[in-house]
Amino acid sequence: MNKLLRKTYKQTRRVLRKTKRFYKKNISGNGLTPLVIIGLIGITILAIALIVGDTDNSRILAVANRAQELSEESKSEPQSNEYSARALVGALQGDDVDIFKLLESEKASESQSVSRAQQAENAAEEAVAETFAEAETEAATEAQTEPETPPSPYADIAVTNLDDAESYVNVRSEPSAEAEKLGKIYNDCAAKIIETVDGEDGNWYYIESGSVTGYIKSKYFLTGEDAEQRAAEIGKIFGRINVGGLRLRTEPSVESDIITSLWEGEIYSVLDDDFDFTKITLGKDDEGNEVAGYVKSEYIDVYVDFDTAISLEEEAARIAEEERLAREAREAEERLEAERLERERQAAEQAERDRQAAEQAERDRQAAAQAERDRQAAAQQQTPAPAPTPAPEPAPAPAPANNISTATRDAVVAYAKQFIGNPYVWGGTSLTNGCDCSGFVMGVYKKFGISLPHSSRAQANCGTRVSIANLRPGDLVFYANGSTIYHVAMYIGNGQIVHAINEKRGIGITSMNFSSPYCAITLLG
């Protein structure tokens, strides 16, 4: 900016000098030079204001405005031009000069105009120089006091760069391939380099990544600008709501329409983070468009998350959790199968009871018919016949077990939870390799013989509508933008849902109230 100020100053001086020569050569004595000076000063002051950015400075604006006024006045009163110039120079220098009193009290002769105009020109040139000097000083001061730009959230990050995206390298206790393994770090994981050391086969980094600290060969990492650029690509930006009932709006304005209200503690993927408003997404609709909105930035804590190394203990815990979920799913399916077999057994027993009852009823009917014939024969012989024996009532069928529906719901939920952590892929239907929200529930229910369309809007028209207050595990919950459904999730109890959330979060469990539920259905009766 200082270079621009100096360039503008030099150009202004050059114009003033040309004006002086033009005045002396062509229009000496006609009073027009002060008018030109007035215009030049006004333009110069306005240029300084724009360059410095100090458009709120009352003095600069007042002088610029006064230059415009005096220029207009000078057109109708040429003889007042030199006084206008003098008044403007006084204003520029901070003097309290009343131009109207000056015009009333002082009248100059034609011969004095040239010298006074020359004085006005010189004063104007000095004032412009002084103004530029002040502007340069203020700009330098502001540059010194201006707060430093916050560091990039991706600075000081190293990123693993492996040939195979699915491979990993071991984090070791010492810079040697024979040292103890402390953990694993996969491709595109972030780490902080604490120290570079000489180790086996060259340089090693002593790194910190997640809960793991240890040594890895330097060749497996990107650093510097390459790492920062890659970190910006793989970093996942999230925002945690820090106040309850926060309104999500359609535009970055408190006057725009409200999409929904958000619960405190819920986490959302961030699309854009500005000073006043942060743009977050609730997911994608059936057409793949982001359902997004804006919240006031002061009510959301934004952070960047990276995949990091995993310790051997964490890996063991993760494997144990995966095995637990798989075991629960198998046990739920076994209970469901046992229930099915029990239903079949009960149905077979009921069928046998019905068959026996029918045979007994037939025997009783035949006996009654024979008794009636005997009675009629006896009556003809005037001998009383014994009264017929009433047929016995068939035994009632046992009531079906009351946990049949519960077992089915438990099996559906347990099966769905096995896929937590798997990726979200819009349009996908694979529970392991990637699916979207409707593809997820479609794949889960397919396991249990229930077919669903691959669309959250279409799925909302399946099954039977139930109230949000009466949800049971396995029911489907739908979310809408206005009245247009865009997302589906499976209720698992305790106010929670399991669903394919978005690309950054994959399949996971959240509160049912991550957004306001629109409607719900049951497919399990």
Side-chain angles (χ1 to χ4, degrees), residues 50 53 55-56 146-147 149-154 231-306 424-427 436-440 455-460 468 476-489 495 497 499-506 508 510-520:
L50 293 174
T55 53
D56 292 331
E146 190 175 294
T149 303
S152 166
Y154 310 110
E233 296 171 357
I234 64 174
K236 301 172 184 177
I237 307 177
F238 298 108
R240 185 189 302 274
I241 305 301
N242 58 34
V243 63
L246 181 61
R247 293 170 176 173
L248 181 68
R249 297 183 180 274
T250 56
E251 300 293 337
S253 166
V254 294
E255 304 299 326
S256 62
D257 294 338
I258 299 172
I259 298 175
T260 188
S261 294
L262 309 177
W263 282 44
E264 182 178 2
E266 286 299 309
I267 297 174
Y268 301 88
S269 295
V270 172
L271 300 180
D272 188 25
D273 184 23
D274 201 353
F275 180 77
D276 292 323
F277 285 88
T278 299
K279 187 177 183 181
I280 65 173
T281 178
L282 299 179
K284 290 184 177 180
D285 61 19
D286 288 343
E287 285 73 41
N289 301 314
E290 294 284 358
V291 179
Y294 298 84
V295 296
K296 290 286 288 181
S297 295
E298 61 189 294
Y299 301 122
I300 183 170
D301 300 322
V302 177
Y303 61 95
V304 182
D305 190 45
F306 300 96
Y424 175 105
V425 174
W426 183 82
D436 56 17
C437 63
S438 58
F440 174 67
S455 162
S456 58
R457 295 172 200 165
Q459 289 175 358
I468 300 297
L476 300 185
V477 186
F478 296 87
Y479 299 84
N481 183 9
S483 59
T484 303
I485 291 173
Y486 71 89
H487 191 71
V488 59
I497 53 176
H499 55 142
I501 306 171
N502 56 37
E503 285 93 341
K504 291 185 179 180
R505 302 184 65 184
T510 68
S511 165
M512 178 181 68
N513 295 298
F514 85 100
S515 183
S516 300
Y518 180 73
C519 65

- [ ] Take atom NZ of K284 as the centre, draw a 6.0 Å sphere, and report whether it contains more than 12 heavy atoms from other residues, nucleotides or ligands.
- [x] yes

Open item on the list: Using every non-hydrogen atom in the two residues, find where C437 and V488 come nearest and quote the distance to one decimal.
Closed with: CB-O, 3.5 Å

- [ ] Could you tell me whether the side chain of R249 and the main chain of V254 form a donor-acceptor pair under 3.5 Å?
- [x] yes

Task: Contact summary for G239 and V270, nearest pair of heavy atoms - done: N-CG2, 3.5 Å

Task: Contact summary for A292 and K279, nearest pair of heavy atoms - done: CB-CE, 3.9 Å

TODO: Hey, could you give me the CD/CZ distance between E266 and F238, rounded to the nearest 0.5 Å?
DONE: 13.0 Å

Open item on the list: Rounded to the nearest 0.5 Å, what separates atom CG in D285 from atom CD1 in I485?
Closed with: 12.0 Å

Open item on the list: Run the side chain to side chain contact (heavy atoms under 4.5 Å, CB included) test on Y268 and T278 for me, step by step, so that the C-alpha distance in whole Å, both residues' side-chain angles and the decisive distance to 0.1 Å come before the verdict.
Closed with: CA-CA 11 Å; Y268 301 88; T278 299; over 6 Å; no

Open item on the list: Rounded to the nearest 0.5 Å, what separates atom CD1 in I501 from atom NE2 in H487?
Closed with: 7.5 Å

Open item on the list: For a quick test of reading the model, state the closest non-hydrogen atom pair linking Y424 to W426 and the distance between them.
Closed with: CE2-N, 3.5 Å

Task: I259 to G293 - nearest heavy-atom pair and separation - done: CD1-CA, 4.0 Å

TODO: Rounded to the nearest 0.5 Å, what's the gap from CZ on R505 to OG1 on T281? Could you check?
DONE: 11.0 Å

TODO: Enter the distance from H499:NE2 to T510:OG1 here, rounded to the nearest 0.5 Å.
DONE: 3.0 Å

- [ ] Evaluate the criterion side chain to side chain contact (heavy atoms under 4.5 Å, CB included) for residue pair L248 and L282; output intermediate values, then yes/no.
- [x] CA-CA 10 Å; L248 181 68; L282 299 179; 3.7 Å; yes

- [ ] Identify the two heavy atoms, one from I497 and one from A489, that lie closest to each other, and give their separation to 0.1 Å.
- [x] CD1-CB, 3.6 Å

Task: Between CD1 on residue I267 and CG on residue L262, distance to nearest 0.5 Å - done: 12.5 Å

Task: Check: Y479 and S516 side chains under 4.5 Å, non-hydrogen atoms - done: no

- [ ] Report the C-alpha distance between D273 and I237 in whole Å, list the side-chain angles of each, state the deciding distance to 0.1 Å, and finish with yes or no for side chain to side chain contact (heavy atoms under 4.5 Å, CB included).
- [x] CA-CA 9 Å; D273 184 23; I237 307 177; 5.9 Å; no

TODO: Show your working on side chain to side chain contact (heavy atoms under 4.5 Å, CB included) between S515 and Y486 and close with a plain yes or no.
DONE: CA-CA 12 Å; S515 183; Y486 71 89; 4.0 Å; yes

TODO: Return yes if some donor-acceptor pair links the side-chain N/O of D436 with the main-chain N/O of G427 below 3.5 Å, else return no.
DONE: yes

Task: Polar side chain donor-acceptor pair, D286 to S455, under 3.5 angstrom - done: yes

Task: Ring-face cation contact, F306 with K236, 6.0 Å cut, 45° max - done: no

Open item on the list: Could you check whether any side-chain N or O of Q459 sits under 3.5 Å from a backbone N or O of S438, counting only pairs where one atom can act as donor and the other as acceptor?
Closed with: yes

Open item on the list: Looking at R457, I want to see if its CZ is surrounded by more than 12 non-hydrogen atoms of other residues, nucleotides or ligands under 6.0 Å.
Closed with: yes

- [ ] For S297 and D274, indicate whether the former's side chain and the latter's backbone hold a donor-acceptor pair under 3.5 Å.
- [x] yes

